Amino acid sequence: MKPKQYKSGIKPIWCPGCGHYSVLNAITKAFAAEELAPENCVLVSGIGCSSRLPAYVHSYGFHGVHGRALPIATGLKVARPDLNVVALGGDGDGLSIGGNHFIHACRRNVNMVYIIMDNEVYGMTKGQTSPTTPEDWDHSKLTPHGTDVPAIQPCSLALSAGASFIARAHSGDANRIAQILIDAMHHPGFAFIHVLSQCITFCPEQSHWKKIIQVREEVTDDPQQAAQFLQGDNGFSVGVFYRNPRPVWPHPSQIDKEINLRQGFQHSI
Amino acid sequence: MKPKQYKSGIKPIWCPGCGHYSVLNAITKAFAAEELAPENCVLVSGIGCSSRLPAYVHSYGFHGVHGRALPIATGLKVARPDLNVVALGGDGDGLSIGGNHFIHACRRNVNMVYIIMDNEVYGMTKGQTSPTTPEDWDHSKLTPHGTDVPAIQPCSLALSAGASFIARAHSGDANRIAQILIDAMHHPGFAFIHVLSQCITFCPEQSHWKKIIQVREEVTDDPQQAAQFLQGDNGFSVGVFYRNPRPVWPHPSQIDKEINLRQGFQHSI
Amino acid sequence: MKTITIAMVGSGGTGVVALGDMLLQLAAGKGLFGIMRKTFSPQIRGGESASIVRLSAEPVASFDGCIDLLLILDWNNFQRFSDEIVITENTLVVQDAQAGQAPELDALNSPLQVDFSGMADSLGSSYANAAALGYLSAWMQLDSARLLSVLSQRLHLSEQDAEVVYQVAQQGSKAYANSPLSLTPLTNTQSHDSYWLATGNQMAGLGALEAGVRFVAAYPITPASDALEWIAGRIEQIGGHLVQAEDELAAVNMAIGASYGGVPAFTATSGPGLALMSESMGLAVASETPLVILDVMRGGPSTGIPTKSEQSDFNLALYGLHGDAPHIVLSPLSIPDCCNTVAWAVRLASELQTLVVVLSDQFLGQSAQIFPPIAETQHQAHLLKADLSTANEGEDGFNRYIDTESGVSPMALPGQAGGEYTADGLEHTENAIPSPRVQDHSKQLDKRLRKLRNHQYGDQWCATKPACEGSAGCLLLCWGSLYESACEAQQLLQERGHSVDVMGVRLLSPLPLEELNKQLKQYSSVVVVEQNHQGQFFHYLRSLGLETNALHCFAQPGPGLLSPTTMANKCEEVMVNEA
Amino acid sequence: MKTITIAMVGSGGTGVVALGDMLLQLAAGKGLFGIMRKTFSPQIRGGESASIVRLSAEPVASFDGCIDLLLILDWNNFQRFSDEIVITENTLVVQDAQAGQAPELDALNSPLQVDFSGMADSLGSSYANAAALGYLSAWMQLDSARLLSVLSQRLHLSEQDAEVVYQVAQQGSKAYANSPLSLTPLTNTQSHDSYWLATGNQMAGLGALEAGVRFVAAYPITPASDALEWIAGRIEQIGGHLVQAEDELAAVNMAIGASYGGVPAFTATSGPGLALMSESMGLAVASETPLVILDVMRGGPSTGIPTKSEQSDFNLALYGLHGDAPHIVLSPLSIPDCCNTVAWAVRLASELQTLVVVLSDQFLGQSAQIFPPIAETQHQAHLLKADLSTANEGEDGFNRYIDTESGVSPMALPGQAGGEYTADGLEHTENAIPSPRVQDHSKQLDKRLRKLRNHQYGDQWCATKPACEGSAGCLLLCWGSLYESACEAQQLLQERGHSVDVMGVRLLSPLPLEELNKQLKQYSSVVVVEQNHQGQFFHYLRSLGLETNALHCFAQPGPGLLSPTTMANKCEEVMVNEA
Ligand SMILES: Cc1ncc(C[n+]2csc(CCOP(=O)(O)OP(=O)(O)O)c2C)c(N)n1
Ligand SMILES: Cc1ncc(C[n+]2csc(CCOP(=O)(O)OP(=O)(O)O)c2C)c(N)n1
Ligand code: SF4
Ligand code: SF4
Ligand SMILES: [Mg+2]
Ligand SMILES: [Mg+2]
C-alpha cells in the first residue's frame, strides 16, 4: 500500500499550513514503509486539533477525552499485545491535563509509541498557553501578561520519568518524523517522540523554527549523559536522543489451565 | 512557644513506630524555632496516613481529597500570600494520583513548601505499591509478583519539572527534617522536601534505611550538575541538593484604582 | 413586536462574523435593540461561518427561527448550516457577485446580486464585508458617521487602511440605491440615550467580580473560556488573581484553597470539566467551603458538540456528587441576567458556605445582546466570620462545624488566632475532628441540608410573566436560556388567542416547594420545556412530589434552536388535548 | 429462625478479627450458617476492633442488631463501638481476666470472667484468642478435630507453634465446664454436605472473571480493594491482566481501551473514585464501549466515612454524567448475589455496548457469609461483532454506529480488516465521523436510549419475597444490601401479625416501568427503604411517574445498621396510619 492509501479520505479540520498535516503524512509514510496492515494499527488520541488525527488515517482509532490518550492506549495494548498502538495528541493534552499519565507511561514501559504534537499552544480552544509556551508569550487573552512560568521540557521530563526511547522531530520535515516513528515502532517498550508542530494560526512566529532546528546524530543509552544533554539543550535539536531498552510491561501472563476459580470458596463438611 | 505547644493534642491514628511521627515532630520544632504564630500557618494535605498530619498540629489546616493537596495550597497561597503554607502528604498522594499537580507546582514556583512523606507504599489502604515502591517488592496482594516497574525518583522528577529547591531527609532524624524545613520556608518559591518516612507496618524492612543514609553537604544551583548527581544517586543521600531561586509566582498584581468594570459594556447613543 | 433577522454567511476569510458585530453596533447606535449569535464549521480557521442578527425597536432577547434576509459572501458549504439557518419563501437573499453558485433549495428565492467583492477589489482592499456593511447601513439608514470608527476598531485597522475600507463601505452604501431590498427597515420608536452590548459570558464575569470574587482558577474549555478571558487582566487590577490551572481537578481545588482563605473564589467550565470536578465539589460541600462553578453547557454526552448549546448537564449539576451532598444550583434566565445570577451565586456560596453551580449555556454565554443598562446587583460575598473574642474556646479547639439553628457555622479564617482548625472532607465532629460515628454523621448531614432548606431565598427564585390578557390555564415552565424564548412563545400564543403564563426558574435547587406548589396548582396544564433529550428538569420536578398532576414534558435536545414557535405549538397541542 | 449473635471485641493485638474468622469456619464445618462483619477504630494498627458473628441452623444473611453474647478481650475504648454493638439486658458478657475495667453502662450485665490470657501465658503463648476460641467451641460443641488446622492456617503458624496454640485452645475448651454460659447453643437441623464461605467482594471478583472479564485496571480504595486483590494473581492465570493504575482517571480509561479491543474489562472503586470517573463514563456511553464499574459504597459525601457502609452513591451512579448519557445501574441483593449481578453486568455491558455501574456497598463487600453452594451464572460477555464478509463497505467506511432497530450496532474489533473506524466521544454520524448536526445528534441519542429501553431484561430485574400468610397490602421495597434485612423484617412483621411482601430491585436503571407499575398497584402502601440521608432511590421512583400514590420514604443514613427491627417498626407505623 502507498502512503496515501493509508489516508481515510476524511478532510482534516486543520487550518491550511498547520504542522499537524506533517505528522499525518509521516504516519502514513511510516505505515506504508513498514507495510503495516491497517486493521492491525490503532491510533489513540485525546482532544485538541492534533487529537483529531486518528480519523484521517485508514486504520482503527480512538478519539477519547481530553488528556487520557495514554491510559486508553495502555489498556488496549496490554489487552491486545498483537496490535500496533500509537498514542498521540497535543502539548496541552499530553503535558497539561494528561501530565500524570505521561510520567507513569514513561515508567511503565508498555510497548507503544507516543507522539506529542507540540505547538506550544491550545489550538483547539483558540490560543491559550500550554505547559510548553515560552514564558513571555502574551498573545493569550487568558494570560495577557504571559504565563510567567518557564516552559516544561518534555524530553527531559520523559527521561526523569524513566522513558526508554526519546526523540524529537519538526513538522518541517515529515520524512524525519516518519523515520523516527519507524525506529520508535521497532523499539520494544514505550517510545516517546516530541514533534515540534507549528500552529500557524495562533503562533505564526513558529515559522522561524525551521531556521533554528539542528540535527543531532548521537544516540545514547546512558541516562546520566542524556540528562546532561537535555538539561543543556535549547529544545530545537532533532533526532533520536536516547534509547535504552528494558523489559516491556507486562511480562506475559502465566496461564494455569488447571485453575478452578471457585476452589477457595467451596468447602465440604 | 515550645515545639510541643504546636501539637493540637489530637492523638494520631498512626501505628506505633510510624515514620510520620518524625515529620510531625520536625514541623513543630521548625515552627517553634522560627517562632511562627500558629494562626498564620496552614498545613494542607491530601488523603493517606501521612495526610492525617494537619489535624495534629496547632495551626490552620486543610485535609482535602486524595492527590489534591498542591492545588489547594496553591490557591490558598496565591490568594493569601501573607500565610505560611506547607503542603504535605504521602508518596501515593503526591506521585501517583497527584503526580500532575506535582510537576506543575514545581514549574509554577509558588512560594510554599511541599513535603512528601515517602514510605514507598499506600499505608492507609493497607499496603499496596506506590510509584516509589521497589520493583521487586511483592508484599501487596494487588501486585503479588511485584510492580515490575522501576521506582520513580521524586527529586529527579522535581528537577526536570523545574523545582527551585530540592532536598531529602529521613524520618530517623527529625532534627535534620526540621532544619531543612526551616531552610525551605526561607526559600522564596516552591521548596520540595522528600522525606523517607518508614511504614513500620507494611514495610518493616525499611528499618534498615537508617544504616544506608548518607549525608550530602553540597548544595548546587546548577541544574546540569544537579541532574547528573540525581541520576546517579541511590536515593539515600540526605541534605539540600539544589537551590536555585527564581522569581516567585505570581508577580504582585498591579492594582488600578480607576478601573470601571462596566465601562466596556456601557454605550451612549 | 416587529423584528428583522439577518443571517450573514461566508467562508472564514470573508469576515461575516466581524460584519455581524459591526452591524449590531451600528444598530445599537441608532437606538435599536438586538441579539446576535454566531456559528462556525468544525474547521478551526478558514471554514464557513455565519452571524445571525435579530433587530427590533424594542428589547429582543430570543430568536424566532425566521430569517428575513440572507446575505451571502460565499455559498460554499452553505448546507452545513441548514439546521440553524432555515430558509423559507419569505427569506430575501442578497449575494456577493463572487459568492459562487447557490445550492438548489426549494425554498430559496433567487438572489439579488451585489458586487461587494468588486467594490473592495476596485479600491485594492480585501474587505468585501465592509461593502456589505455599507449596503446594509444604507438600507437600514444607520448612522454613517459611526461607520469609520466601527470599522477601524473592529477590524483593527491603521488610520490609512481605515480610510480605504471606509471608502469600500461607502461604495456599498451607494450600491443600495441600485439594488434596493423589498423589506422595510426598522425605525426606532423608543427613546433611550444609552444601552449595553455584551455576551452572557461577559456578564457572568462582571457579576462574579462585582460580587467580590478575587480569585479565579480555571482550565480553558469551549464555550466557557471567554468568560474567563473577560475576567483575566481585569481581576489583577482589582487586587485579585486568575490562575490557568493544569486541569479542572487543579482548578476546582485551587478555588477551594483560596476560598478557605476567605477570598471569594470562582471557576468556569463546561460539561466535561464539571464532570472532572465532581469529586472535589463534594469536598466543598463536606468541608463547607464556599465555591462557585459556572457551567456553560454545550452538547453532550462526552465531548459531544463542543460549540453548540444544550441544557443537558442538569442531572450532573444536581446529582453528580457521591454521598448525600446537598448544594445549590442556579440558572440565569437571560444574557443580562448572567450578571445577576452569578453575583447571587457568589453571595449564596459565601453566606451558606456551600457549593453553588450556575448552569448557563453556549447560547447565553456566547450570544451578544443590546439591552438597557443594568444596575449593580445587591449581591455581595459575605461570610459569617467567627468572632473569636467572645467565642469560648475550650480544650477541644474551635467549633468550626457547630450545629447552629440556621445550620451555618461561623467560619474562622487563617490569620485569626484562636480559630485554628483543620477543614476536612472526612465526616467530623462539631470541632472538626474526624469521626465515623453515627451521631456525628447525622448531625452534620442534617446541618448541611438544613442550612440550604431554611434559607430565605426571596422572590428571585423565579421570574414570571403573566399573560397580558385573560387568566391563563396553562403555564409554560422553563429554566435558563429558554426563558426569553418562552416569553416570545407567550406572545405568539396570545396572537393565536391563547393565554399562557411563563415561569423561568432561577433557583433550580433547592426549590422552594411551598411557593412552587402554590403557583402550579393554579394551572390545569404545565408545560415543562427544556433543551435536552430525557427531560431532566421535568423528571426532577416529578421527583419532588408536587401537588399537581398537570405536568407535561417537552424536551428537545440541542443543538438546534428550540424556537418560540415550536414551544407555542406544543402548548397549543396540550391545551387542545386538555380542552 | 433461631440465631445467636456473638460480638468479639479487643484491641488490635488481641486478635479478635482472627477469632471471628475461625469461629465462622468452625461453625460452618459443623453445618451451621452464618454471617460476620468486622469493624475497626480509625487507628491503622493496634487500635480497637470487633468481629460480629451471627449464626443459625438455617441460612442467615443479615443482622438483627441484637448481641446475644459479648466476648471481650480488651475493654479499652469499647465505647467506640456503641453505634454498632448495642448491649441490652439480654446480652451475656464474658471477659478475659486481663481485659481491664468494664465501662459503666446501664444495660451491661456483670461479666463472667475467664482467664484466657492466663491460659496462653502459662503455655508461653500470646494467643489468648485461641483460648477464647476453645471456650466458644466447647460451648457450641464445635468440631475440636478441626481446631488445629483452622488455628494453624488462619494464624500462619509453624507446625511447632501450632501445637502450642492448639494446647491453649484446649485449655479454653476445658475452662468452659467451670464457666458455662446460660445460652443454649445452636444445633444444626439442615443436612448439607458442602457450603461456601466468602465475602461479597470476592463474589464480585468471581462473577467478573466467570463472565469473561480478562482485563482489570484499578486504583486502590477502601472498601473496594479486596475485590481487586482477589482478582489479582488469578486473572493472569486465566490469560488476563490487572493493572494498578496511577489514578481512577487512568483506571477507567485503561478499561475502556481494553474493551475497545474486544476484551471484557472491569474496574472497581468507591464513591470518590466513581466521581473521578464521571467524565470518562460519558465517553463509554458516547463511544458505545462496554464498561463495568463496581462501586463498593461507603459513607459520603467526600472522603466521608471510608470504612463503613452507606447507599448514598445512587444519585451519582444514575445521574452523574454530563449530557444525556443513558446507561445501566445494577445492585446485588446479597453477598452471593454479588457474583451473579456482576456477571450480569459484564454481559449487559457487552451485549448492549454500554456502561454498567454496579452498586455494592461495604456491608456486602466486606462481610463474610456461609451460604449454600452457588451454580455458575449463565451470564457471559457477548459482543455483537461485525460480520465484515457480508457488510457492504462503501466509500464512507464502516458504519460503526448504524441505527439498527434494537439500537445495538455491530462492533468491529481491531484486527478485523474492513472494519476500521475511529471510536469517538464527539457526536458522530452512523459511520463514526464527528458531526455537530441536529439529525445525527438525535439519531444517536435515540439509538443509545432505545437499546437500553428495548432490551428484555427478564425476571431478574428484581427479587421478590411474598408474605407467607395472607395477602399483603404493604410492600417493603428496597435495593442492594438491604434486601436480606428486609426479608428478615418481613418475618418479624409476620410474627407481629402483619403480612408484607418484599421486593429488592437489582436493575435500578432502566427500570421496567410496566412491570413495576403492575406490581406496585397491588399495594395500598409501599415503604421504600434505603440507607442514605435524602431518600435518593425514593425520589428516583417518584420521578418516574409511577401509577401509585402509596410510596413512603424511609431513608436513614449510614453507617449504623439499618436493622430489620427498625424496618419492621416503620412498616407497622405506615400500616397503622393507613388503617
Ligand atoms: C476535560 C476537558 N477540559 C477542557 C477541554 C477543552 N479543550 C479541548 S482541546 C484543549 C487543548 C488543546 O490543546 P493541545 O492538546 O495542545 O492540542 P492542539 O489543539 O494545540 O493541537 C482543551 C483545553 C476539553 N475538551 N475537555
Ligand atoms: C480518589 C481516591 N482514590 C483512592 C482513595 C483511597 N486511598 C486513600 S489513601 C490512599 C493512598 C495512601 O498512600 P500514601 O499517599 O502514600 O500515604 P500513606 O498512607 O502511605 O502515608 C489511597 C489510594 C481515596 N481516598 N480517594
Ligand atoms: S489552530 Fe493551530 S493547531 Fe489548530 S488546526 Fe489551526 S494551525 Fe493547526
Ligand atoms: S500503616 Fe504505615 S504509614 Fe500508616 S500509620 Fe501505620 S506505619 Fe504509618
Ligand atoms: Mg497544542
Ligand atoms: Mg505512602
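In what follows, chains carry the letters A, B, and so on, assigned in the order in which the sequence lines appear, proteins first and then strands, with residues in each chain numbered from 1. Being a predicted model, the structure only gives us computed values, none of them experimental. For the numbers below, each heavy atom of this structure counts, side chains included, while hydrogens, waters and symmetry mates do not.
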Trainee: Using non-hydrogen atoms only, which part of D:R298 is less than 4.5 Å away from chain C: side chain, backbone, both, or neither?
Mentor: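 For D:R298, neither part sits under 4.5 Å from chain C.
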Trainee: Which one wins on heavy-atom pair count under 4.5 Å against chain C: D:H539, D:H441, D:M281?
Mentor: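 Max contact count across the listed options: D:H441.
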Trainee: Of the listed residues (D:G271, D:G320, D:G300), which shares the most heavy-atom pairs with chain C below a 4.5 Å separation?
Mentor: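 The candidate making the most pairs under 4.5 Å is D:G271.
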Trainee: What part of C:H533 is in contact with chain D, defined as an atom under 4.5 angstrom from a non-hydrogen atom: side chain, backbone, both or neither?
Mentor: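 For C:H533, the contact with chain D is made by backbone and side chain together.
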Trainee: With the side chain counted from C-beta on, respond yes when D:L274 and C:H322 share a heavy-atom pair under 4.5 Å apart, and no when they do not.
Mentor: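 No, side chains not in contact.
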Trainee: Going from CG on C:L283 to OG1 on D:T303, what distance comes out if it is rounded to the nearest 0.5 angstrom?
Mentor: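 Here the interatomic distance stands at 7.0 Å.
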Trainee: Side chain from CB out, backbone as N, CA, C, O: work out which of these in C:Q311 comes under 4.5 Å of a heavy atom of chain D, or both, or neither.
Mentor: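 Answer is neither: C:Q311 stays 4.5 Å or more from chain D.
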Trainee: Quick check: under 4.5 Å, non-hydrogen atoms only, which of residues 544-553 of chain C neighbour chain D?
Mentor: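 Result: C:L544, C:G545.
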Trainee: Could you give the distance from CG (D:L276) to CD (C:E279), rounded to the nearest 0.5 Å?
Mentor: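 The CD atom of C:E279 is 4.0 Å from CG of D:L276, to the nearest 0.5 Å.
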Trainee: Check whether any side-chain heavy atom of C:L321 lies under 4.5 Å from a side-chain heavy atom of D:P301, and answer yes or no.
Mentor: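 Not in contact.
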Trainee: Of the listed residues (C:D313, C:L426, C:N532), which shares the most heavy-atom pairs with chain D below a 4.5 Å separation?
Mentor: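 Of the options given, most contacts go to C:L426.
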Trainee: Would you mind reporting whether C:S302 and D:D424 have side-chain heavy atoms less than 4.5 Å apart?
Mentor: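 D:D424 vs C:S302: side chains apart.
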Trainee: Top residue by heavy-atom pair count (under 4.5 Å) with chain C, among D:S442, D:G560, D:P272, D:S435?
Mentor: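 Looking at each option in turn, the highest pair count goes to D:P272.
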Trainee: Name the region of C:L249, side chain, backbone, both or neither, that has any atom closer than 4.5 Å to a heavy atom of chain D.
Mentor: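 Looking at C:L249, just its side chain touches chain D.
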Trainee: Would you say that C:R437 contacts D:S82 through its side chain, given a criterion of any heavy-atom pair below 4.5 Å between the two side chains?
Mentor: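 Result yes, sub-4.5 Å side-chain heavy-atom pair found.
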Trainee: Does any backbone or side-chain atom of D:E310 lie under 4.5 Å from a heavy atom of chain C? Answer side chain, backbone, both or neither.
Mentor: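 Contact with chain C is through the side chain of D:E310 alone.
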Trainee: Check whether any side-chain heavy atom of C:D324 sits under 4.5 Å from a side-chain heavy atom of D:Q536, and report yes or no.
Mentor: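 Yes - at least one pair of side-chain heavy atoms lies under 4.5 Å apart.
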Trainee: So which heavy atom on C:L445 is nearest to which on D:P557, and how close?
Mentor: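 Distance-wise, the nearest heavy atoms are CD1-CB, 3.5 Å.
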Trainee: Looking at C:Q556, C:H428, C:Q534, which one has more heavy-atom pairs under 4.5 Å with chain D than the rest?
Mentor: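 Most heavy-atom pairs within the cutoff with chain D belong to C:Q534.
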Trainee: For each of D:G304, D:A286, D:A325, D:P436, tally heavy-atom pairs with chain C at distances under 4.5 Å, and name the one with the top tally.
Mentor: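 Counting heavy-atom pairs under 4.5 Å, the top option is D:G304.
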Trainee: Could you have a look at C:P434, C:G282, C:G425 and say which one has the most heavy-atom pairs with chain D under 4.5 angstrom?
Mentor: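 Most pairs with chain D among the choices: C:G425.
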Trainee: Contact part of C:L449 toward chain D, heavy-atom cut-off under 4.5 Å: side chain, backbone, both or neither?
Mentor: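 Just its side chain gets close to chain D.
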Trainee: Could you check which of D:T307, D:L318, D:D446, D:V285 has the highest count of heavy-atom pairs closer than 4.5 Å to chain C?
Mentor: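 Winner by heavy-atom pair count: D:D446.
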Trainee: Is there a side-chain contact between C:V438 and D:P559 in this structure, where contact means two heavy atoms from C-beta onward sitting under 4.5 Å apart?
Mentor: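 Result yes, sub-4.5 Å side-chain heavy-atom pair found.
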